[in-house]
Amino acid sequence: MTFDTASTSMRSKVRTPSRAIRAGRAFACFDRPFHWLALSAAMSLLGLLIAIGIALVWRSELSLRTFGLRFLVQSVWDPVRHQFSALTSLYGTIVSSVIGLALAVPLSLAIGFYLAELAPPPLASFFGTAVELLGAIPSIIYGMWGLFVLAPIMADQIQPAIQSVLGSLPLFQGPPMGIGLFTAGVILALMVIPFVSSVAREIFTMVPAVMKESGYGIGATKWEVVRGVTLRYGLSGIVGACLLGLARALGETMAVTFVIGNRHAISLSLFEPGNSISSTLANEFTEASEPLYLSSLIELGLVLFVLTLAIQTISQLWLRRVERSMGGVR
Amino acid sequence: MKCSSAKRRRLTDLAVRLFAQVASLLALGALVWILFEVLRRGGSALSLSLLTKGPTPPGVPGGGFGNAVLGSLLMTFLATVIGVPLGLLAGIYLAEYGGGSKLADLIRLGANILMGVPSIIVGVFVYAVLVVPMGHFTGYAGAISLAIIMFPVIARSSGDILALVPASLREAALALGVPRWRVTLGIVFRAAKSGLITACLLAVARISGETAPLLFTALNSPYWPTTLNGPTANLTVTIFNYAMSPYEDWKNQAWAASLLIMLGVLVLAKGTRFLLARRRD
């Protein structure tokens, strides 16, 4: 802004500016509106976030008033008797996401480690591109693949194999149908790996070489350096990356809707079909004719929004602090 | 004793290296597997008539999803027309005016969080504020929910890209008396052109595969889109409906549509970057 005042005060003194510059100056009056335009576009990012929250509360008012806090702790979902609550969907959302993360985090760390430390540069860029592409595949394609390709294999081979070893645990009871919480978790793992592994790779490369070299200097193996130096140095960043992955898994819709089974029930077994908040919304939203039904579905959306908002905010602030303390630039 | 401990350390190291390689191969394998299945099943079902015909009634063989391709293109185009200018303006604020100020920091945080809001929630939001007051599902609502998903993505990436343009360029232009807004649009934008184009295309790639925000905004339709002011056919919701249908023919069509979407997204996401990189050489 200081430049603007300088240029206007100069204007009277310079006598013969080139045509281009004269043309440019003639529009100097647009400077302020342009600034405001950019500012309001930027502010509308924040505005949208707030508007989403308000709209969800507004449209779920009926259900909020009818069920109150009961909505969060009961597990009935009965459109015929007008009884709705969030627990079954919430349970499926959280369980499938936790399975996804439990599978994705160790694999992602290993991939990040391979890409940053082990692979020769051409291989690292090849695998890096592959992981990136895995993240670019739309969620509906994961859904198609999960339902028609992965689910039959889960039903015929993987789930019976797990049952033959761990069949006595309550987690793996029931007929191996191929669809259910476990398969949803596996698909979510594939979808989260690109995110977590790219952050892990970045964090591995951000560790100062001197620290790693001093590890090698005292005769540590690569794994020992990773465990003792790199992981410890980058731990907080990796925690942030996992939280980001969790937020993404919680809100994932199409892929989960295809394979989770869509049944309103809570069962301990991971092989049983269930549902998640997003799959309930995807399946039932357009069928909901009753105001209370629709309002309950929107309240489910509100629950998901608040959940992801909280995790996103925490992880973003956390990662910011980590970046500042590690001096990295992103 | 000492010897065996050294051996154990070496073995552990080897095991971890092996695990890292296996994990990377696993990710690569999953990618190849998914691409292969979509290519195989979609490729055998895809034909020109699928793209030129509209759907037939359930159970009647033949027909296609040409109407859905057109509807998706229209909505993606409209979303781009809305989302790109808004996103670029917000990016301009972040890079040119906000800088490192507290407000700009808050807006960056908000944009990151908005990017993390599940796309189905954006669909519910647009349903609540547009579809309910209008009284019916419309393609406009679909395009707007796609634009909302694009907006923070472009704002953040263009903000980062514009910030990379050296300050000396701006200062040189300002010293000549060029107004600030022309410096931004005429000089900073020109310097960052290829990066901005890539950012926009990546955002388009991202929304062209989105399904969830269209489910209760644009819905779907068996007819050719003559106007966006009504339920509008689109590829992704068609895939969802056809995949869940009991008809073998429709399932095959869902695979063909998946192939189309996947090719579109991957070409947009990767091809442009490749093209731009080659032009620069």
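Letters A, B, ... mirror the listed sequences (proteins, then strands); counts begin at 1. Remember, predicted model here, so these are calculated numbers, not experimental data.
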If one checks every heavy atom of A:F258 against chain B at 4.5 Å, the contacting part turns out to be both
Tightest non-hydrogen contact, residues A:F113 and B:A20, listed as CD2-CB, 3.8 Å
Greatest number of non-hydrogen atom pairs under 4.5 angstrom with chain A, of B:L202, B:V124, B:V183, falls to B:V124
If one checks every heavy atom of B:R108 against chain A at 4.5 Å, the contacting part turns out to be both
* Check against side-chain contact (heavy atoms from CB on, under 4.5 Å), B:I107 and A:L46 -> CA-CA 6 Å; B:I107 288 171; A:L46 294 178; 3.8 Å; yes
Looking only at A:S315, A:P194, A:G251, A:A247, the option with the highest number of non-hydrogen pairs under 4.5 Å against chain B is A:G251
Honestly, the part of A:N283 sitting under 4.5 Å from a heavy atom of chain B is side chain
Scored by heavy-atom pairs under 4.5 Å with chain A, the best of B:W255, B:F137, B:F19 is B:W255
Between the CD1 atom in A:I52 and the CD1 atom in B:I148, the distance rounded to the nearest 0.5 Å is 6.5 Å
Any donor-acceptor pair under 3.5 Å linking the side chain of A:D31 with the backbone of B:P179?
no
Applying a strict 4.5 Å limit to non-hydrogen atoms, the region of A:S40 in contact with chain B is neither
If one checks every heavy atom of A:E117 against chain B at 4.5 Å, the contacting part turns out to be neither
Okay, B:L185 and chain A: the region with an atom under 4.5 Å from a heavy atom over there is side chain
task: Return yes when atom CH2 of B:W33 has more than 12 non-hydrogen atoms of other residues, nucleotides or ligands closer than 6.0 Å, and no otherwise.
output: yes
Whatever's closer than 4.5 Å to a heavy atom in chain B on A:T253 counts as side chain
- Task: Compare all side-chain heavy atoms of B:Y93 with those of A:W36 and state whether any distance is below 4.5 angstrom.
- Result: no
Turns out that what part of A:L107 lies under 4.5 Å from chain B's heavy atoms comes down to both
- Message: Run the side-chain contact (heavy atoms from CB on, under 4.5 Å) test on A:K222 and B:V16 for me, step by step, so that the C-alpha distance in whole Å, both residues' side-chain angles and the decisive distance to 0.1 Å come before the verdict.
- Response: CA-CA 9 Å; A:K222 224 162 200 163; B:V16 172; over 6 Å; no
- Given side chains that start at C-beta, do those of B:V38 and A:W145 come closer than 4.5 Å, heavy atoms only? no
Rounded to the nearest 0.5 Å, the CE atom of B:M115 sits from the CG atom of A:L244 at a distance of 10.0 Å
Ranked by heavy-atom pairs below 4.5 Å to chain A, first place among B:V32, B:L86, B:I34 goes to B:I34
Closest non-hydrogen atoms of A:A130 and B:L31, given as atom of the first, atom of the second and distance, are O-CD2, 3.6 Å
The interface call for B:A243 against chain A, heavy-atom contacts under 4.5 Å, is both
Applying a strict 4.5 Å limit to non-hydrogen atoms, the region of A:T308 in contact with chain B is side chain
Cut-off 4.5 Å, heavy atoms of chain B, and the answer for A:F30 is both
query = Are there more than 12 heavy atoms of other residues, nucleotides or ligands under 6.0 Å from atom CZ of B:R10?
reply = no
Taking C-beta and beyond as the side chain, do A:L250 and B:P118 meet within less than 4.5 Å on heavy atoms? no
Can you find a pair of side-chain heavy atoms, one from B:Q21 and one from A:Y114, that are under 4.5 Å apart?
yes
Applying a strict 4.5 Å limit to non-hydrogen atoms, the region of A:L190 in contact with chain B is side chain
Most contact-rich option vs chain B, by heavy-atom pairs under 4.5 angstrom, among A:L39, A:L56, A:T286, is A:L39
Of A:T129, A:L304, A:L297, the largest count of non-hydrogen pairs under 4.5 angstrom with chain B goes to A:L304
Original post:
Do B:L26 and A:I193 have side chains that get closer than 4.5 Å, going by heavy atoms?
Top reply: no
Comparing B:S258, B:G98, B:G110, B:G186 against chain A, the one with the most heavy-atom pairs below 4.5 Å turns out to be B:S258
Applying a strict 4.5 Å limit to non-hydrogen atoms, the region of B:A257 in contact with chain A is neither
- Message: Please report whether the ring centroid of B:F125 lies less than 6.0 Å from that of A:F305.
- Response: no
Tightest non-hydrogen contact, residues B:L266 and A:A136, listed as CD2-CB, 4.3 Å
key: B:R9 and A:W223: CA distance, side-chain angles, deciding distance, side-chain contact (heavy atoms from CB on, under 4.5 Å) verdict   = CA-CA 9 Å; B:R9 285 176 51 205; A:W223 162 240; over 6 Å; no
Under 4.5 Å to a heavy atom of chain B? For A:L134 that would be both
Q.
Please determine whether side-chain contact (heavy atoms from CB on, under 4.5 Å) holds for the pair A:H35 and B:W181, giving the CA-CA distance in whole Å, both sets of side-chain angles, and the decisive distance to 0.1 Å.
A. CA-CA 8 Å; A:H35 184 169; B:W181 68 278; over 6 Å; no
Under 4.5 Å to a heavy atom of chain A? For B:S208 that would be neither
Closest non-hydrogen contact found for B:T236 with A:I140 is O-CD1, 3.1 Å
Cut-off 4.5 Å, heavy atoms of chain B, and the answer for A:M254 is side chain
Turns out that what part of A:R248 lies under 4.5 Å from chain B's heavy atoms comes down to neither
Do the side chain of B:D13 and the main chain of A:T221 share a donor and acceptor less than 3.5 angstrom apart?
no
Under 4.5 Å to a heavy atom of chain A? For B:L219 that would be side chain
Rounded to the nearest 0.5 angstrom, the CD1-CG distance for B:I120 and A:L281 is 5.0 Å
Comparing A:A220, A:A282, A:G219 against chain B, the one with the most heavy-atom pairs below 4.5 Å turns out to be A:A282
Max heavy-atom pairs within cutoff under 4.5 Å with chain B, candidates A:P33, A:A41, A:G143, goes to A:A41
When the 4.5 angstrom heavy-atom criterion is applied to B:D105 and chain A, the contacting part is both
Ranking B:I92, B:L215, B:I239, B:I113 by heavy-atom pairs under 4.5 Å to chain A gives rank one to B:I113
Working note: A:F285 + B:Y127, criterion ring-ring contact (aromatic ring centres under 6.0 Å, His included); need CA distance, chi angles, decisive distance, verdict.
CA-CA 10 Å; A:F285 206 87; B:Y127 176 87; 4.7 Å; yes
Okay, A:R320 and chain B: the region with an atom under 4.5 Å from a heavy atom over there is side chain
Honestly, the part of A:F126 sitting under 4.5 Å from a heavy atom of chain B is side chain
Comparing A:A51, A:A119, A:G53, A:S139 against chain B, the one with the most heavy-atom pairs below 4.5 Å turns out to be A:A51
Whatever's closer than 4.5 Å to a heavy atom in chain A on B:E37 counts as side chain
